[in-house]
Amino acid sequence: MGKYVGESIIRKDALEKVNGTATYAFDIDNIPNLLIGKFLTSPYAHAHIRSIDISKAEKINGVVAIVTGKDWPVRIGLYAGDRDILAVDKVVWAGQPVVAISAESYEIAEKALEQIQIEYEPLPAIIDPVKAKLSNDILVHEKLGEYEHSPAFNPIPGTNIANHFKLRKGNIEKGFKESDKIIENTFTMPQVAHAYLEPIVAIGHYKRDGKIEIWSSAQSPFTVRYLMGITFAIPTSNVTVHAPYLGGGFGGKAGLNYEPLAVLLSKNSNYRPVKLQLTREENFRSAPIRVGMVAKIKTGVKDNGRIIAEEIEYIWDSGACADYAVNVGRAGGYVSIGPYEIDNIKSDSYTLYTNKPYATAFRGFGHMELHWAIERQRDIIAKNLGMDPIALRKINTLKAGKSYTANQHRLRKDAGNVDECLEKVWNDLKTHFKGKIGDKPWLFRGIGVSCFMKGPAQPPNSASSAYVKFNEDGGIFVSVGTSEMGQGTITSLAQIAAEELSIPIEKVYIKGERDTDRDAYTWQTVGSRSLFMDGNAVRNACIDAKHQIFEIASQVLHTPPYDLVLENESIYPKGEPWKNLNLVDVIMGYMFTSGEAIGGPIMGHGTYIAKMTMLDAETGAGNPAIFETFGSQGVEVEINVLTGEIKIKRLISAFDIGKAINPQLCESQILGGSIMALSLGLNEKLQYDEKGHLLNPNFVDYVLTRADDLPDEFEFFLVENPQLDAPFGARGIGELTMLGVPAAIGNAIANAINVEIYDTPITSERIWYEIKKQRPELLKLKEEFLQED
Amino acid sequence: MIVNESESLIINVNNIEHKISVKPNETLLDVLRLKLGIKSVKAACWSGDCGICTVLIDGKPMKSCLVLSHEIRNKSIMTVEGLLEDELFQKLQNSFVKNGAIQCGFCTSAFLLVGYYLIKNKRNLDLLSIKKGINGIICRCTGYKQIIDSIYELK
């Protein structure tokens, strides 16, 4: 293929970022009359608000507005309206904003907050999601039945169940009856924080003319725009959202977050703009987090390794609101069994309310969690059958053209190939694995792999658009709606445009900042969808521009448009490159020597819309995604059985991404995503006390992987089985880079010391504890070794 | 209270002297970002845990959120803005660009400054000492490897 697609072009945003001039919402403070916003949060996980006394705070000089939930009691949310802008009547998590202030300075706002008195009547709180599912007396949302929600979801009023997704295939009882072995296990993953570095920032300006302008660290400015229109009952077109560069997002900035509160403050502050910027602690306690998961899996298998029945219950701990995470439960539900084909399935995926910080999207969207469970289960099944775990997987993996997850929808013929990824990873691990190393009998090494799949979880009418505008010098400006939060999509999109129009990449201009008034629309920047969706839209916009160019050129060259070629900034009839016309002479309109002119400035427009279906409410049948990216990851670990200490020696990944538009950007995603997954798998957990107070809201107690913790060796493989309806064949990769790491570590530990881990994070403490429980003899290895001496 | 009394101070930032009025509890981070408008310096935790607000004080990397403004009297502060014409710094920038060491960019300034310090001041810089050297700064996007490689290339 081409000149630009497939090349490691340097990032379009690289220079701004190394020069320190890239602007983030965090940096914006030059808006005239800008006020500072702050909020006071609930110390209780669950309580009635008895009274709020703002009389002292109001009198402080420099305080402009004080708002409470009753000032704008509209419930907000993406898929379900279950979140108060400020708590109305009762609080549902410790950290929920209750009162907000706008003031002339940060100091004044802080001083005023101290003067506000709130009286609460504490209520019993539900912290454990499994208990929340059984509870009828303690309800996080008593009024669940009154909440509006998208028809794709199924909340159950009178319970804490925000959504119940069902997947049904075949006959599960018959499947278990015909099984030679039945294996049951429970796996868990806790709630975690996105820990993007730029905190949540929202600047809201409610103007006297009824328009709203917002500057936000938002991944999805168009969705913010749409939901803000609903929240404040004004037309969507009255809302403008600016989303500058994002200092990381990872899903945590995907929905509607603090924009409504900033705008509400502005509305009550004589229409002055208000900047709300969360501290790190506020970001931990009051901003959205990732769901926790409890997975119960029962698998029926034949002695030959064929899995014939699987019954699953997923419980997703969404915290106090599930406006976005209902869809995590839905996506986790339809991909329940991972990249396999099983004839009999019964899976129930429940998104649960608990009195904890609320969850939203997180890179992987439930798939890292569910593959932790599924891929551990696959290794445990293999062990039970005395089979090689690779062989067991290969018997059961989902193949192109076969029935997709649980429904009758067939996997595309040009979909990726999970077996190919698995083989690459396994061969690499096996080739380098030396077994036990050194003379210390308490150090063990092992290798483990996992497989996975994921497609973008989006509504079936999710759409993207793009326009391509030519400038006088023959350069183009490409407008898209997708945000730049580090993933590098704008660079890949520029490459697609350069390739399609055959113009130098240096002449393709694309911005990282978004402006919903001026930029082309996209639904959201989530789910690894942008390269595919917005990439197709950019390509279509370029094709449209090319048609316009050929229309003009055909009149000059006296050649029909379909016989023309655009190459290296010149247009000529096929086979006759010497009869050329310079592109630059056409793109602003062509002028004949007589002075007569035709055409006009070229602007191409392109769209793309998802090709999916709704899913059946009783069985989950339908087409849930526009593509599935398949992959496999593996690790070699070293375990010190005396201490539980674990070292990741090697980390290997393979993904079938169809086509690497920019191999270096792919590498960057793989390195970054797999290290993030390593951090999540080994360290990360939001820790609560029994009353629902978060105990580790900072970067000391919430441990993130640092440079010193990196594995010794990385390796990765890009498998390229192109998808025919994808831009140049490319599928998304961003989230995929995380999905298999925790399960591969768990499997490698089992391989090294025959100890099974069921829960993350896999801390040394946990490993030691499981050794003590499952193989206490290992703890004596050092004594025995010393005695032998 | 004493914290309300502002004092006048001359500080040298990026080789330019500024006369500013600061409160005793004002941090260098706030002086740089809010008073002087130097936005390449970012912040993410305001408590010394993440290292994103790192600047060079008399050539040494320090977390500016932990430095009170009166502590920098007679000291010279360097941020990315002040090093853009420096040849070694430019080489390091190019190395970051070429090696793909940038993603969201929020931590990039801090890593550039620490990398510059390491290359300039540490002999026998190897991968391990680079890892130790940058261990105080969090990056959530890149997985660090390409940052380490970028610094190593210029040792």
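In this text the structure is predicted, and so the values were computed from the model without any measurement.
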J.: Tell me, yes or no, whether the heavy-atom count around A:K511 atom NZ, taken from other residues, nucleotides or ligands under 6.0 Å, exceeds 12.
T.: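 Counting other residues, nucleotides and ligands, NZ of A:K511 stays at 12 neighbours or fewer.
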
J.: For atom NZ of B:K35, decide whether the heavy atoms of other residues, nucleotides or ligands shown that lie under 6.0 angstrom number more than 12.
T.: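 For B:K35, atom NZ is crowded (more than 12 foreign heavy atoms under 6.0 Å).
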
J.: Side chain to side chain contact (heavy atoms under 4.5 Å, CB included) with B:K39: which of A:T21, A:D27, A:T23?
T.: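 By the side chain to side chain contact (heavy atoms under 4.5 Å, CB included) criterion, B:K39 pairs with just one of A:T21, A:D27, A:T23: A:D27.
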
J.: Which heavy atom of B:C45 sits nearest to which heavy atom of A:F699, and what is that distance?
T.: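 Of all heavy-atom pairs spanning B:C45 and A:F699, the closest is CB-CD1, 4.1 Å.
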
J.: Quick check on the interface: out of A:E684, A:E107, A:Q487, who has the most heavy-atom pairs with chain B under 4.5 Å?
T.: A:E684

J.: Counting only non-hydrogen atoms closer than 4.5 Å, does A:D708 touch chain B with its backbone (N, CA, C, O), its side chain (CB onward), both, or neither?
T.: both

J.: Calculate, to the nearest 0.5 Å, the distance between atoms CZ and SG belonging to A:R280 and B:C50 respectively.
T.: 7.0 Å

J.: Where do A:V18 and B:F96 come nearest, in terms of heavy atoms and distance?
T.: CG1-CB, 4.1 Å

J.: Between B:Y144 (side chain) and A:D709 (backbone), is there a donor-acceptor pair under 3.5 Å?
T.: no

J.: Examine whether an atom of A:I670 lies under 4.5 Å from a heavy atom of chain B, and if so say whether it belongs to the side chain, the backbone or both; otherwise answer neither.
T.: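 Neither; nothing under 4.5 Å.
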
J.: Can you see which heavy atom on A:A707 is nearest to which on B:I148, and at what distance?
T.: CB-CD1, 4.4 Å

J.: Can you tell which part of B:A43 gets under 4.5 Å to a heavy atom of chain A, answering side chain, backbone, both or neither?
T.: both

J.: If I take atom CD from residue B:Q103 and atom CG from residue A:L246, how far apart are they, to the nearest 0.5 angstrom?
T.: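 B:Q103 atom CD to A:L246 atom CG measures 13.5 Å (nearest 0.5 Å).
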
J.: Just so I understand: if I count every heavy-atom pair under 4.5 Å between each of B:S109, B:C104, B:S40, B:G143 and chain A, which residue has the most?
T.: B:C104

J.: Kindly give the heavy-atom pair with the smallest separation between B:Q146 and A:S668, and that separation in Å.
T.: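 Looking at all heavy atoms of both residues, the closest pair is NE2-OG, 3.2 Å.
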
J.: At a 4.5 Å cut-off on heavy atoms, which part of A:E16 comes close to chain B: side chain, backbone, both, or neither?
T.: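 No part of A:E16 comes within 4.5 Å of chain B.
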
J.: What part of B:T108 lies closer than 4.5 angstrom to a heavy atom of chain A: side chain, backbone, both or neither?
T.: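 Answer is side chain: those atoms of B:T108 sit under 4.5 Å from chain A.
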
J.: Select one option (side chain, backbone, both, neither) describing which atoms of A:D13 are under 4.5 Å from chain B's heavy atoms.
T.: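 Interface part for A:D13: side chain.
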
J.: With only heavy atoms counted, which part of A:A22 is less than 4.5 Å from chain B, the side chain, the backbone, both or neither?
T.: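 Only the backbone of A:A22 comes within 4.5 Å of chain B.
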
J.: Atom CG in B:N99, atom OG in A:S8: separation rounded to 0.5 Å?
T.: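 So the gap between those two atoms works out to 11.5 Å.
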
J.: Relative to chain A, which of B:G105, B:C107, B:G48 shows the most heavy atom pairs under 4.5 Å?
T.: B:G105

J.: Of the non-hydrogen atoms in A:F26 and B:K42, which two are nearest, and what is the gap between them?
T.: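 What the structure gives for the nearest pair is CE2-CA, 4.2 Å.
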
J.: With sequence neighbours excluded, tell me which residues meet ring pair (Phe, Tyr, Trp, His ring centres under 6.0 Å) with B:F89.
T.: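 Checked B:F89 against ring pair (Phe, Tyr, Trp, His ring centres under 6.0 Å); matches are B:Y116.
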
J.: Tell me, side chain or backbone of B:L112 under 4.5 Å from chain A's heavy atoms, or both, or neither?
T.: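 For B:L112, the side chain is the part near chain A, not the backbone.
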
J.: Taking atom OG1 of B:T142 and atom CD of A:Q669, what is their separation to the nearest 0.5 Å?
T.: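 That separation rounds to 10.5 Å.
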
J.: What part of A:E282 gets within 4.5 angstrom of chain B, counting heavy atoms only: side chain, backbone, both, or neither?
T.: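 Contact with chain B is absent: no heavy atom of A:E282 under 4.5 Å.
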
J.: For chain B, which of A:D29, A:L197, A:L671 has the most heavy-atom pairs under 4.5 Å?
T.: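 If we count pairs closer than 4.5 Å to chain B, A:L197 comes out on top.
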
J.: Main chain of A:L15, side chain of B:Q93: is a donor-acceptor contact present, judged purely on distance under 3.5 Å?
T.: no

J.: Using non-hydrogen atoms only, which part of A:Y24 is less than 4.5 Å away from chain B: side chain, backbone, both, or neither?
T.: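 It is the side chain, since no backbone atom gets that close.
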
J.: Flag the one option from A:Y196, A:F250, A:Y245 with the top tally of heavy-atom pairs under 4.5 Å to chain B.
T.: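 Of the candidates given, the most pairs with chain B belong to A:F250.
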
J.: Less than 4.5 Å to any heavy atom of chain B: does that hold for the side chain of A:L710, its backbone, both, or neither?
T.: both

J.: At a 4.5 Å cut-off on heavy atoms, which part of B:V97 comes close to chain A: side chain, backbone, both, or neither?
T.: both

J.: Any residues in residues 125-141 of chain B near chain A, with a heavy-atom distance under 4.5 Å, and which are they?
T.: B:K131, B:K132, B:I134, B:N135, B:G136, B:I137, B:I138, B:C139, B:R140, B:C141

